[in-house]
There are 2 protein chains.
Amino acid sequence: MNENNKLASSIGKMPTMADVARVAGVSPMTVSRALRKHQFVSTKTMERIEHAVDQLGYVLDKSAGALSSRRTGFVAALVPSLNNSNFADTVRGITSGLTQSGRQVLLGYTDYSIENEEQLIEGMLRWRPEGIIVTGGRHTARARKLLQNAGIPVIETWDLPPNPIQNVVGFSNAEACRALVYRLYERGYRKIAFLGGTTTRDTRGADRRLGYQRAVDELGLPPGRVISFGSPPISMQQGGEAIVLLLRQWPDVDAVVCVSDLSAFGAIAECQRRGLDVPDRIAIAGFGDFEVARCSHPRITTVAVDAEAIGQLAAGQLIRALDSKDLNTPETLVVPFTVLERESTRKA
Amino acid sequence: MNENNKLASSIGKMPTMADVARVAGVSPMTVSRALRKHQFVSTKTMERIEHAVDQLGYVLDKSAGALSSRRTGFVAALVPSLNNSNFADTVRGITSGLTQSGRQVLLGYTDYSIENEEQLIEGMLRWRPEGIIVTGGRHTARARKLLQNAGIPVIETWDLPPNPIQNVVGFSNAEACRALVYRLYERGYRKIAFLGGTTTRDTRGADRRLGYQRAVDELGLPPGRVISFGSPPISMQQGGEAIVLLLRQWPDVDAVVCVSDLSAFGAIAECQRRGLDVPDRIAIAGFGDFEVARCSHPRITTVAVDAEAIGQLAAGQLIRALDSKDLNTPETLVVPFTVLERESTRKA
DNA sequence: CTGTTAGCGCATTCAG
DNA sequence: CTGAATGCGCTAACAG
């Protein structure tokens, strides 16, 4: 009998809990309990079950368990990209927090498109996640509706949406960038430009530009010095190309705020190639506190946000919402940002 | 009756296919067929079903479908990290190839630990993926066993394992690094050092070191100039710290091969900070063709591998294996690498 | 083109 | 501490 089972499993059909139960001489229910370690099973039967599991090479089928218990253990997480971005850190924060609570993260990246996001949300909802974490506060109308109707905790991150769906873990990109411009102003810079992408696909980038413009207005600085170059998120390479255009258009610029550290780095390297000293000829700042900003020469002035903490906080919020089963008291967590002055804007 | 359903669903229970069927006045099976678009359903009933779906806000439950059809549509993919690494590109290649075929990628990162990998493999197997893509050829004994017994296509990437489990998409990191050292030799460098991490956790890094050592032996160069610094993968920052130790220990070194572009970049920036010209005083090369290597000043000599292509090829291989249901003819795909000489090793 | 029957593999619920 | 009955929501297989 046991022989039969072992044979069957080696032929291609995976063994089931019933197979384990038969080999161990107990009921399937006891196996289920033993494997989940929730309920109590005597040490003796436990051992026999473990032995049977080893013998058969049994692996629990969560998808069946999910159907039965109506708890998939999935959490969906959507980020714009994984490449060279702070979002990879956020994902790490999310997964570390969530896997500890025994949940699986279903990861998707939108490539900075809310249309893609809508598709992904719909696709993930089919797997009945217990919660969903998205990036940003801008979504298609249908995506919003899907999220609202899903009946699960929703967390928007990396932004402070004017109209949150439920929970939020973020900060104001506009405020952060505004603070950076103010700091440059304090250091004596007066002809400050902004370098970013061409569209508002990257809503955080767009918000940063808004913050720049607000600061320039408030401070009475010459406005309109905005270079839009390339489809966001703009790369190091594009940062290098854009700074050339910028200097051609406004040769008197004394400081540039870039939409991210990557474009800032590209801009600095291009300046160095052309013999323009940074920061003596021109100061350049970025955003995000990427590693390259900490290690490059000169080190790059930037705005630091703890991307991993955003993920951890989101995970924590989600777990709490799941435990309390209370979707009625959404909370907004504002994470701090810090302007880090470094060598790339050190006035002589 | 319909009213009842709508009410029930708004109370918290999600509508099921049976609800849709009732509202549309058809059988659940017809709804199932309509929603999958596989089989034929008359335009008329199709419309009624679509209407019912909208009305109820119904979302297909794939986890139930998976159990019934015994096809989850999941593919598991494990990478060492997502942060600042080529693996994010590989993941993009994998997902783009796989989502087109209607499959979901379950992503996991091992943090360069084969023990973590084992845990992740076991965890993912519980979701009954239809295939699994792993990074590298080194696994724990139990992990190997799990993979072999899973009865699904297995693909190892980024390496050429001496003992492949099944399919492989990779290249020889040792050969690639060896080729780089040879190129430096051709350019006249004779005192060539290697800069990498302290352990063999990062097996690809360890292989690169092997390739370096082989080349040095073959060329009769002074051997043993290896700096091991920090737990792999070593960062930009660690690259900067390591180059200081290296120059202290072997001041006559004329070229350094770094285990990755990140550490190479950190090393270069540190040299610049200390007034040591790169490449005139010392040449520095990296590995991986990261964007920073293409944009920095000087641009960094490196070995390029198409990380995204690795992912796409792995996805393609997986889909083919799934379609042919033939796990008996594993294939190894060797992807090319290219040594890219750039400014950081340009001899005066 | 559509419906009926049966069951995927497990966990919940209630009994012992 | 253990077992039996029941059903999660869907789809395969067959029948109309």
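Nothing here was measured: the structure is a model prediction, and the numbers come from that model. Every chain is numbered from 1 and lettered A, B, ... according to where its sequence line falls, protein lines coming before strand lines.
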Using whole Å, what does the distance between atom [atom2] of nucleotide [N] and atom [atom1] of [X] come to?
X: Trp127(A); N: dG9(D); atom1: CH2; atom2: P; value: 16 Å
X: Met14(B); N: dC8(D); atom1: CE; atom2: C1'; value: 15 Å
X: Leu67(A); N: dG7(D); atom1: CG; atom2: C1'; value: 9 Å
X: Arg22(B); N: dG3(C); atom1: CZ; atom2: C1'; value: 16 Å
X: Met17(A); N: dC10(C); atom1: CE; atom2: C1'; value: 6 Å
X: Asp19(B); N: dC8(D); atom1: CG; atom2: C1'; value: 13 Å
X: Arg71(B); N: dG9(D); atom1: CZ; atom2: P; value: 23 Å

Inset, instruction - May I ask you to decide if the ring planes of Trp158(B) and Phe87(B) are parallel, tilted or perpendicular, using 30° and 60° as cut-offs? - result: perpendicular
Distance-only side-chain donor-acceptor flag, Thr140(B) / Arg142(B), under 3.5 Å:
no
With a cut-off of less than 4.0 Å, is there a side-chain N or O of [X] near OP1 or OP2 of [N]?
X: Ser63(A); N: dG9(C); answer: no
X: Thr45(B); N: dT2(C); answer: yes
X: Ser27(B); N: dT4(C); answer: no
X: Thr30(A); N: dG3(D); answer: yes
X: Thr16(B); N: dC8(D); answer: no
X: Arg36(A); N: dT12(C); answer: yes
X: Arg70(B); N: dG9(C); answer: yes

On DNA chain C, more 5' by nearest nucleotide between Asp61(A) and Pro28(B) is Pro28(B)
task = Salt-bridge test for Asp323(A) and Arg320(A): reply yes if a basic N is under 4.0 Å from a carboxylate O, no otherwise.
result = no
Pair of N/O donor and acceptor under 3.5 Å linking dG3(D) base with Arg33(A) side chain: yes
* Could you tell me whether the side chain of Ser68(B) has a donor or acceptor atom within less than 3.5 Å of a complementary atom in the base of dG7(C)? => yes
NA contact type, Met29(B), heavy-atom cut-off 4.0 Å: base, sugar-phosphate, or nothing? base
* Asked: Quick check: does any side chain N or O of Asp19(A) sit under 3.5 Å from a backbone N or O of Thr16(A), one acting as donor and the other as acceptor?
  -> yes
As a quick check of understanding, evaluate side chain to side chain donor-acceptor pair (under 3.5 Å) for Arg36(A) and Ser32(A), giving each step before the final call. CA-CA 6 Å; Arg36(A) 278 175 303 155; Ser32(A) 174; 2.9 Å; yes
